[in-house]
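For reference, the structure discussed in these notes is given below.
A quick note: this is a predicted structure, and the numbers were derived from the prediction, not measured. Positions are given from 1, in the same order as the sequence printed here.
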Amino acid sequence: MIKKLRKAVLPVAGLGTRFLPATKATAKEMLPVVDKPLIQYAVEEARAAGIEQFCLVTGRGKTALVEHFDVAFELEATLRERGKDEALASLAGAVTEPGSLITVRQQVPHGLGHAIWCARAFIGDDPFAILLPDDLVLADKPCLQQLAEAYYQTGGNIVAVTEVPPEQTNRYGILKIGQDDGSLVEVLGLVEKPAPKDAPSNLSIIGRYVLMPEVIKYLALMERGAGNEIQLTDGMARLIGEQPFHGLRYEGRRFDCGDKIGFLEAQIAFALKRPDMAEAVRTFLKNYV
Ligand code: G1P
């Protein structure tokens with residue numbers, strides 16, 4: 001029986017060193033693309049895929065992330081009083097259902113696999129999604145919804161994948177591919193950040209996953225992998241052969257907002273999708289470039 005997907009884990013403990021000084025006193029996941037913080041895009045995408053319960057794996061200095069999803073009573077009352085309806089409406093996506101968001105702390109940065117292991121009590125015996133808020137996907141159908149739909153067909157584990165230039169395999173988790181229908185691919189192996197010469201393909205994992213709870217027992221082994229970190233990819237690799245494991249070539253475009261250029265590209269792409277901004281941005285780009 002395929003269990004309903006209700007839970008999502010969002011690892012947000014990273015220090016954001018690539019965005020200093022902007023991230024000196026604020027979480028990198030609070031950086032906005034146009035006018036919405038990265039974390040809110042991730043939570044809204046999860047909600048659209050039917051997720052009801054959220055676990056943020058946080059660390060020191062990340063309290064703004066939790067504040068962001070609370071009711072801001074004074075702010076809302078003031079906006080209502082002043083008739084600022086549009087501003088008031090914009091806050092709707094930034095509130096989670098009472099009791100639906102919890103946090104756990106990753107006390108030491110031991111890697112993504114370790115961050116997910118920190119959420120083990122939240123995960124329990126249920127399938128769960130992972131969204132890495134740095135990866136922002138512009139798509140007609142939200143990326144996690146595409147994954148969830150594939151999960152309800154195949155069951156088991158599914159990761160969102162995309163082709164990368166062969167010289168970039170050392171930045172991502174890379175698939176060894178079996179059967180491939182052009183959209184869904186069978187995963188025969190997974191390697192974290194292989195050098196191009198060792199990469200089994202150029203199909204890379206992006207930050208959207210649907211996983212079975214059994215991955216936790218492998219992460220609990222605390223084995224160190226690439227970069228001497230406890231890698232989620234290595235834990236997932238252990239499930240292959242035990243459970244179905246697929247990659248889904250999602251439809252949409254991914255922006256790596258953990259990178260300055262990727263973040264800037266996302267600003268432009270998302271602004272061009274906004275009816276209230278598109279024309280002004282297009283005109284500016286034409287004239288300026
Ligand atoms: C993590 C994962 C990697 C994945 C990537 C997607 O790497 O370890 O397998 O391909 O996210 O963004 P990180 O970006 O944390 O180095």
Side-chain angles (χ1 to χ4, degrees), residues 1-14 26-32 35-80 85 87-107 112-137 142-145 147-149 151-152 157-158 207-217 219-220 232:
M1 196 199 63
I2 298 179
K3 268 192 173 178
K4 188 165 178 338
L5 185 64
R6 297 180 197 279
K7 296 180 175 175
V9 178
L10 295 92
V12 291
T26 193
K28 68 169 171 173
E29 297 81 8
M30 285 305 295
L31 297 178
D35 52 8
K36 198 193 287 185
L38 286 169
I39 187 69
Q40 191 177 333
Y41 284 98
V43 165
E44 288 182 356
E45 182 181 330
R47 260 197 218 117
I51 298 296
E52 296 161 4
Q53 297 170 37
F54 300 86
C55 178
L56 304 186
V57 184
T58 64
R60 288 168 61 80
K62 297 278 182 165
T63 41
L65 292 169
V66 181
E67 290 285 327
H68 185 72
F69 291 104
D70 200 358
V71 171
F73 181 76
E74 300 87 338
L75 175 62
E76 288 173 29
T78 308
L79 293 175
R80 202 168 291 120
D85 298 339
L88 192 61
S90 78
L91 294 176
V95 178
T96 45
E97 286 284 300
S100 69
L101 184 141
I102 69 155
T103 64
V104 296
R105 287 227 182 185
Q106 185 187 23
Q107 295 157 321
L112 180 59
H114 179 259
I116 300 305
W117 174 81
C118 289
R120 64 200 178 282
F122 168 80
I123 294 163
D125 295 324
D126 295 316
F128 64 103
I130 302 172
L131 299 99
L132 308 185
D134 275 1
D135 274 333
L136 191 55
V137 187
C143 185
L144 191 67
Q145 192 182 341
L147 271 196
E149 286 174 5
Y151 161 71
Y152 289 121
N157 307 276
I158 306 200
R208 299 292 183 276
Y209 310 71
V210 173
L211 297 181
M212 298 300 105
E214 287 76 15
V215 74
I216 296 295
K217 69 173 186 267
L219 296 175
L232 176 61

> Closest heavy-atom contact between Leu5 and Tyr152?
Replying inline: N-OH, 2.8 Å

> Which atom pair, heavy atoms only, marks the closest approach of Leu131 to Ala42?
Replying inline: CD2-O, 3.6 Å

>> Taking Arg208 first and then Asp135, would you say they form a salt bridge - that is, a charged N and a carboxylate O separated by under 4.0 Å?
In response: no

> Do the side chains of Leu56 and Ile39 get nearer than 4.5 Å, heavy atoms only?
Replying inline: yes

>> Testing the basics here: between Tyr209 and Leu144, what is the closest heavy-atom pair and its distance to 0.1 Å?
In response: O-CD1, 4.2 Å

> How close do Leu147 and Ile158 get, heavy atom to heavy atom, and via which atoms?
Replying inline: CD2-CG2, 3.4 Å

>> Let me confirm one number: the CG-CG distance from Asp85 to Leu79, rounded to the nearest 0.5 Å.
In response: 9.0 Å

> With sequence neighbours excluded, what pairs up with Asp35 under the salt bridge (charged side-chain N to carboxylate O under 4.0 Å, His left out) test?
Replying inline: Arg274

>> Under a 3.5 Å distance rule, please check whether Asn157 uses its side chain to pair with a backbone N or O of Leu211 as donor and acceptor.
In response: no

Donor-acceptor pairs are to be reported for all side-chain atoms of residues 89-97 against protein atoms at under 3.5 Å, with residues two or more places apart or in another chain.
unit_1, atom_1, unit_2, atom_2, d
Ser90, OG, Ala87, O, 2.6

>> Going by salt bridge (charged side-chain N to carboxylate O under 4.0 Å, His left out), name the residues that satisfy it together with Glu76, two or more places apart in sequence or in a different chain.
In response: none

> Below 4.0 angstrom, N of the basic side chain to O of the carboxylate: do Lys28 and Asp134 qualify?
Replying inline: yes

>> How close do Glu45 and Pro142 get, counting heavy atoms only, and between which atoms?
In response: CG-CB, 3.9 Å

> Taking atom NZ of Lys4 and atom OH of Tyr151, what is their separation to the nearest 0.5 Å?
Replying inline: 10.0 Å

>> Going by salt bridge (charged side-chain N to carboxylate O under 4.0 Å, His left out), name the residues that satisfy it together with Glu44, two or more places apart in sequence or in a different chain.
In response: Lys36

> Can you find a heavy atom in the side chain of Pro11 that is under 4.5 Å from one in the side chain of Leu112?
Replying inline: yes

> Who are the side chain to side chain donor-acceptor pair (under 3.5 Å) partners of Glu214, not counting sequence neighbours?
Replying inline: Gln243

> Given side chains that start at C-beta, do those of Ile130 and Ile116 come closer than 4.5 Å, heavy atoms only?
Replying inline: yes

>> A side-chain contact here means heavy atoms from C-beta on lying under 4.5 Å apart; do Met30 and Leu38 qualify?
In response: no

> Side chains of Thr103 and Phe122: does their closest heavy-atom pair fall under 4.5 Å?
Replying inline: no

>> Does any part of the side chain of Val12, heavy atoms only, come nearer than 4.5 Å to the side chain of Pro133, both counted from C-beta?
In response: yes

> Quick check: are there more than 12 heavy atoms from other residues, nucleotides or ligands sitting under 6.0 Å from CD of Glu149?
Replying inline: yes

> Which heavy atom in Cys55 sits nearest to a heavy atom in Val104, and how many Å separate them?
Replying inline: SG-CG2, 3.9 Å

>> Per the ring pair (Phe, Tyr, Trp, His ring centres under 6.0 Å) rule, what does the pair list look like for residues 41-68, sequence neighbours excluded?
In response: Tyr41-Phe270

>> Does this structure show an ion pair linking Glu52 with Lys7, if we count only N-O contacts that are shorter than 4.0 Å?
In response: no

> So, do Gln106 and Trp117 sit near enough that their side-chain heavy atoms are less than 4.5 Å apart?
Replying inline: no

> Are any non-hydrogen side-chain atoms of Phe128 and Met212 less than 4.5 angstrom apart?
Replying inline: no

